[in-house]
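Below: the structure, in structure tokens.
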2 protein chains.
Amino acid sequence: MKPKMTLKKIASELGLSISTVSKALKNNKDISKENREKVQAFAKYYNYRPNSVALSLKNRKTKTIGVIIPEIVHHYFAKVISGIEEVANSKEYNVIIGVTNESFNKEIINMEMLIDGSIDGFIISLSKETLQKKDYKHIRETINQNIPVVMFDRAVDEIPCDKIIIDDRKAGRMAIQKLIDEGRRKILLLTTKDYLSIGRLRTEGYKDALAANNIPYHEDLVVRIGELGDSEEDQRNLEQRINRVFEMHPDIDGIFGVNEIYAVTALNVARLRGLDVPEQLSVIGFSDGILSKYARPHLTTVSQHGFHMGELAAETLIYRLEKMDKDQIPPYTTQVVKTNLIIRDSTRNNTSIEL
Amino acid sequence: MKPKMTLKKIASELGLSISTVSKALKNNKDISKENREKVQAFAKYYNYRPNSVALSLKNRKTKTIGVIIPEIVHHYFAKVISGIEEVANSKEYNVIIGVTNESFNKEIINMEMLIDGSIDGFIISLSKETLQKKDYKHIRETINQNIPVVMFDRAVDEIPCDKIIIDDRKAGRMAIQKLIDEGRRKILLLTTKDYLSIGRLRTEGYKDALAANNIPYHEDLVVRIGELGDSEEDQRNLEQRINRVFEMHPDIDGIFGVNEIYAVTALNVARLRGLDVPEQLSVIGFSDGILSKYARPHLTTVSQHGFHMGELAAETLIYRLEKMDKDQIPPYTTQVVKTNLIIRDSTRNNTSIEL
DNA sequence: CTGAAAGCGCTAACAA
DNA sequence: TTGTTAGCGCTTTCAG
């Protein structure tokens, strides 16, 4: 077992002082060429690597980013993390992940655990519970402590900080417009409870599109679905609920689900009822997850570009961090990522529409 | 903006020495009750949190775990991370993630980036490329530097360390046995190239089961699939390949896919060919991913228990870490996680079999 | 050209 | 009961 090399050991081994060694390793011209070479060779041979903890302490920055997300077993969030990782890695940053499981308390605990100097900044998507409570003290305090926060996807207006979002309302509107363009008139919306802004905004988009096309809005055709667990039971409940809507309104000819699960479930229910998709019924989902690709027929979706959002979030945070190093404070930005419709087989025609 | 509190500031603010403050915060009886209370109140008020970097430097341990995985946008790995997170969090450890994208070089870079004192130990699932090259120098060196490594899922015999695996061979055998028990005789195996031990072992299990039931082995019925990208094209190629096997062998009555994608793809191909699943054909997949649940019919699978494997990996690593703290070195263990068959609708009967 | 010293924030042994 | 000191590993200023 090789013991860990340190400047001190190299110094004593070579009969030099620590500072000489430190400089030699940096190839500082102050040091004689001879000594530089000797030290560098020695260091290389023993595989010396400066201790990052010591560096962090000295530099008062850790070069690590804390990422707080509601869920990790979730295609979208996994994609986002991927994007963050990629950018972070390329800039020599590490990424620490904290998972909140949609819980307000876990969000706080996770953040507090990292706010002790472990990280330089946060990238966060707020938990559902936090959004419900509308309690953002912990975020505000973090920012007050001079730790920058970048919000993505689930961002809130109340907090001034960098944000990476998509235009959910517009995305919803365009999805519905697509259905209308296909001739659909009785469109079922499967959405979340309203405290989730993404659900609320996509619902707004739904209304917008109907209004723009003079199609009356029916409260009956909007199903607001609550927490959906992993259980078979929750799943079956959802199916039944959709089934009931179909019984009341057998002439539904379009479905928009604000996430993949809703859309795929509806797709399956419809087909079990003997409906031909996309002949009698078109279905559009949200998210670029894997379910859509493997569903039969393949599901047309509004893509979310999770990977790109992750990249942007990381770039934005690191940009701010590096500016702060030079005592500059860039203004906060809100970046809206374009969504687009990925046309697959659950809708009729074949063009990809830029939203 | 509140400036960060430190012992030093508290000390000078309160006219005490740093060490007095430090002890007072620990409620050390050495310090007068009066001062203890004063200090604690002050610290609480200013939300003092000891700087973790300084602590890490002092204690020569970071209480963070490095997790190196091939992919994060992958249900199984996401589950594993979840499990790791859960255990790590409960023991006050942080988790740093490094993604290799199945690349040998990225694996090395990722590990080197963390081996500089950033983490206390690794949990790793080797990249495909590493497995192909059979080059484990970096792992060996890590262990030699006294940084413990726990391998999961993709472990190799060549390296002595803690391992969390499943008995892939047995799992494969039992899946096939299930098909045979249903009366299936002509069973298609969709597996990976042999350098991936999981594919190879599951293939062995396939052969085992055939042999045990005196069913002749046909090389034709074993399809070894190479790298499968995210692209539509790769996907279509796979479909075509499966289709071709069906053309040669229209009487296939069972399919076992060593992962979810293979199985779901085969299921879809079979149904498009007009085969009734599970009447004419049974399909079993591997993995407890989300595709299986939403496939129609719902796919029977061998569950992998990713979450539990993550928990075990984290527990095992932390256990060793804490022992090492007391200068003890526990023997290496290999823990085999039981798999079980989750019977859904792509096979005939209805019992859950313990493997 | 080289090295001593201070300091990043904290703990702990020891002195007062 | 409190404070001084040394040290974790490193960088950097400044004196030699």
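Here is the naming used below: chain letters follow the sequence lines, and residue numbers restart at 1 for every chain.
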Euclidean distance, atom NZ of residue B:K23 to atom C1' of C:dC10 [Å, nearest integer]: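 Those two atoms, NZ and C1', are 13 Å apart.
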Please collect all salt bridge (charged side-chain N to carboxylate O under 4.0 Å, His left out) contacts where either partner lies in [range], sequence neighbours excluded, each pair once.
range	result
residues 123-142 of chain A	A:K128-A:E227, A:D135-A:K137
residues 315-324 of chain B	B:D162-B:R320
residues 33-62 of chain A	A:K61-A:D325

Between [X] (side chain) and [Y] (backbone), is there a donor-acceptor pair under 3.5 Å?
X	Y	answer
A:Q145	B:K4	no
A:N27	A:K29	no
A:E107	A:S127	yes

For the residue pair A:F42 and A:Y46, categorise the inter-ring angle as parallel (less than 30°), tilted (30 to 60°) or perpendicular (more than 60°).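 Tilted.
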Contacts of type side chain to side chain contact (heavy atoms under 4.5 Å, CB included), residue A:N146, not counting sequence neighbours: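 Scan of A:N146 (side chain to side chain contact (heavy atoms under 4.5 Å, CB included), adjacent residues dropped) gives A:M324, B:M1.
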Side chain to side chain contact (heavy atoms under 4.5 Å, CB included) with A:S56: which residues, sequence neighbours excluded?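 Checked A:S56 against side chain to side chain contact (heavy atoms under 4.5 Å, CB included); matches are A:T62, B:V53.
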Under the rule for ring-ring contact (aromatic ring centres under 6.0 Å, His included), what residues qualify as partners of A:H138, not counting sequence neighbours?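 A:H138 satisfies ring-ring contact (aromatic ring centres under 6.0 Å, His included) with A:F104 only.
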Is the number of heavy atoms from other residues, nucleotides or ligands within 6.0 Å of CG (A:D157) greater than 12?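 Atom CG in A:D157 is not packed in, count stays at 12 or less.
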In [range], which residues come under 4.0 Å of DNA chain C by heavy atom?
range	answer
residues 9-19 of chain A	A:L16, A:S17, A:S19
residues 46-57 of chain B	B:Y48, B:P50, B:N51, B:A54, B:L55
residues 26-43 of chain B	B:K26

Please identify the 5'-most and 3'-most nucleotides of DNA chain D with any atom under 4.0 angstrom from a heavy atom of chain B.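 For DNA chain D, the relevant span reads D:dT1 to D:dG9.
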Ignoring hydrogens and angles, write down the donor-acceptor pairs under 3.5 Å from the side chains of residues 83-91 of chain A, residues two or more places apart or on other chains.
from: A:S90; atom 1: OG; to: A:V87; atom 2: O; distance (Å): 2.8

Checking side-chain polar atoms at under 3.5 Å, does A:S103 have a donor or acceptor matched by the opposite partner on A:N105? no
For a quick check under 3.5 Å, do A:S19 and A:S22 share a side-chain donor-acceptor pair by atom type? no
When the axes are fitted on five pairs at both termini, how much does the helix from C:dC1-D:dG16 to C:dA16-D:dT1 curve, in 10° steps?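 Helix axis angle between the two ends: 70°.
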Please work out if A:T20 contacts a base, only the sugar-phosphate, or nothing of the nucleic acid, heavy-atom cut-off 4.0 Å. base
Would you indicate what A:K8 reaches in the nucleic acid, counting non-hydrogen atoms under 4.0 angstrom: base, sugar-phosphate, or nothing? sugar-phosphate
Is the phosphate of C:dT11, meaning OP1 or OP2, less than 4.0 Å from a side-chain N or O of B:S22?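 True: B:S22 side-chain N/O within range (under 4.0 Å) of C:dT11 OP1/OP2.
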Quick one: do A:K8 and A:E13 make a salt bridge, cutoff under 4.0 Å?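 Result for this pair is no, no salt bridge flagged.
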